[in-house]
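Please read these numbers as outputs of a predicted model, since none were measured by experiment. Every chain is numbered from 1, with letters handed out A, B, ... down the list of sequences.
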Amino acid sequence: MSTHSETNTHIGNSLSLKRIGLWVFILSETFLFGALISTRYYLQGVERPDHLNQPLGLVISIVLLMSSLAAYRGEVAVSYNDQKKFRINIISTIILASIFLVGVGWEWYEAFQYFPPSSAFGTIFFTMTGIHAFHVLTGMIALIIIVKMGSDGRFNSNSYWGVEGVVKYWHFVDVAWVFIYPTLYLVN
Amino acid sequence: MDDKNITRKFRHGLFVFIALIIIELAEYIIGVSVSSGNFIFMVLLAVPGSWLIVHYFMHIKELWLPPEE
């Protein structure tokens with residue numbers, strides 16, 4: 001009996017350590033995005049170019065928030081062993097992430113005409129959106145992997161750290177965008 | 001029982017999402033209508049927006065809760 005209790009305590013401690021490790025990683029990523037955001041104010045102050053497509057920025061922001069909601073629902077579903085809802089929601093997250101990336105691509109297409117990467121704002125714009133889009137892309141790959149692992153029956157209500165870790169990372173990508181969007185498109 | 005819990009948590013997530021959308025829309029409206037000096041409004045809206053995600057979606061409080069058994 002005590003062995004069972006000790007095993008459970010060990011699993012609990014192991015999960016806590018994994019969570020701490022992930023949060024330390026997220027903190028390090030926060031420094032990266034913090035540095036990029038501060039660079040924007042250092043190079044450009046609070047000046048904003050006229051040709052920014054603010055409505056498109058709003059639309060892709062809402063798409064990314066929708067993807068966060070879908071990811072949250074996917075994590076909740078797997079925590080209750082509802083595999084069908086888990087798959088539907090994580091696949092929805094991947095689709096919404098793809099739409100977000102198409103939106104960023106559209107923004108880049110327009111941005112090249114008005115503030116090329118050689119200009120101060122262009123440097124900031126392409127670096128920030130590019131690094132963020134790269135995080136979205138890596139998050140999408142991780143989401144695809146957990147859908148595949150879920151299809152193989154690797155997650156259940158007692159063991160779903162893989163889903164929790166990837167979904168937390170996905171939410172972090174959303175948090176970063178919550179600051180990047182006003183910093184690039186709205187501050188004036 | 002599980003179905004009820006899932007529905008409750010889904011609804012909970014939806015409320016957080018609606019709050020985030022309201023914040024994004026407020027940011028957008030202020031960003032396009034206040035032509036100068038809107039920086040402080042952006043900070044005041046982005047911080048609670050990110051807190052909603054970190055608290056309700058990322059469950060940061062798990063870090064200081066005792067390990068699950």
Side-chain angles (χ1 to χ4, degrees), chain A residues 4-5 7-17 19-20 22-23 26 41 45-46 48 52 54-55 57-59 61-62 64-66 68-73 75-77 79-82 85 89 157 164 167-172 174-183 185-188, chain B:
Chain A
H4 180 69
S5 171
T7 307
N8 277 349
T9 307
H10 174 72
I11 291 167
N13 286 337
S14 168
L15 185 61
S16 295
L17 282 173
R19 282 178 181 151
I20 289 169
L22 182 65
W23 277 100
I26 286 172
Y41 294 109
V46 289
R48 179 180 79 195
L52 276 167
Q54 292 167 317
L58 176 67
V59 170
S61 301
I62 290 172
L64 201 60
L65 289 174
M66 285 167 71
S68 242
L69 175 65
Y72 165 82
R73 290 165 64 106
E75 186 187 355
V76 169
S79 72
Y80 286 97
N81 221 2
D82 191 332
K85 281 182 184 160
N89 281 291
S157 55
E164 185 186 329
V167 168
K168 274 193 170 62
Y169 175 75
W170 190 257
H171 291 313
F172 167 72
D174 204 3
V175 170
W177 187 257
V178 165
F179 286 97
I180 290 171
Y181 171 59
T183 299
Y185 292 81
L186 300 175
V187 163
N188 202 16
Chain B
M1 189 62 181
D2 274 2
D3 278 349
K4 272 188 181 174
N5 283 335
I6 290 182
T7 307
R8 185 175 54 82
K9 288 198 172 178
F10 276 10
R11 194 164 50 233
H12 191 80
L14 186 65
F15 290 148
V16 175
F17 171 72
I18 291 167
L20 287 165
I21 294 293
I22 291 168
I23 288 172
E24 286 296 315
L25 289 173
E27 274 183 351
Y28 177 77
I29 290 164
I30 292 170
V32 296
S33 59
V34 179
S35 58
S36 173
N38 64 19
F39 175 78
I40 188 67
F41 297 112
M42 294 300 137
V43 174
L44 289 175
L45 287 167
V47 170
S50 60
W51 179 83
L52 283 173
I53 299 171
V54 169
H55 185 76
Y56 290 105
F57 285 172
M58 297 173 81
H59 315 293
I60 193 170
K61 63 178 183 292
E62 288 171 345
L63 282 178
W64 48 85
L65 288 177
E68 292 165 15
E69 292 198 19

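Ranking B:L20, B:L14, B:L63 against chain A, the residue ahead of the rest is B:L63, based on heavy-atom pairs under 4.5 Å. With chain B as the partner, the residue from A:V175, A:L58, A:N89, A:I62 showing the most heavy-atom pairs under 4.5 Å is A:L58. Ranked by non-hydrogen atom pairs under 4.5 Å with chain A, the options B:W51, B:F41, B:F39, B:F10 are led by B:F10.
Proximity to chain B is absent for every atom of A:Y185, based on heavy atoms less than 4.5 angstrom apart. Residue B:F17 touches chain A through its side chain alone, counting heavy-atom pairs closer than 4.5 Å. When heavy atoms are compared at a cutoff of 4.5 Å, B:I60 approaches chain A by way of both its backbone and its side chain.
Residue A:V187 comes nearest to B:M42 through the heavy atom pair CG2-CG, 3.7 Å, listed as atom of the first residue, atom of the second, then distance.
Residues passing the salt bridge (charged side-chain N to carboxylate O under 4.0 Å, His left out) test with A:K168 are A:E164, B:E62, sequence neighbours excluded.
Judged by distance alone, with hydrogens and angles left aside, the side-chain atoms of A:S79 form a donor-acceptor pair with the main-chain N or O of A:V76 at under 3.5 Å.
Between the side chains of A:W177 and A:S61, a donor-acceptor pair is found at a separation under 3.5 Å.
Using a 4.5 Å heavy-atom cutoff, the side chains of A:L65 and B:E24 are in contact.
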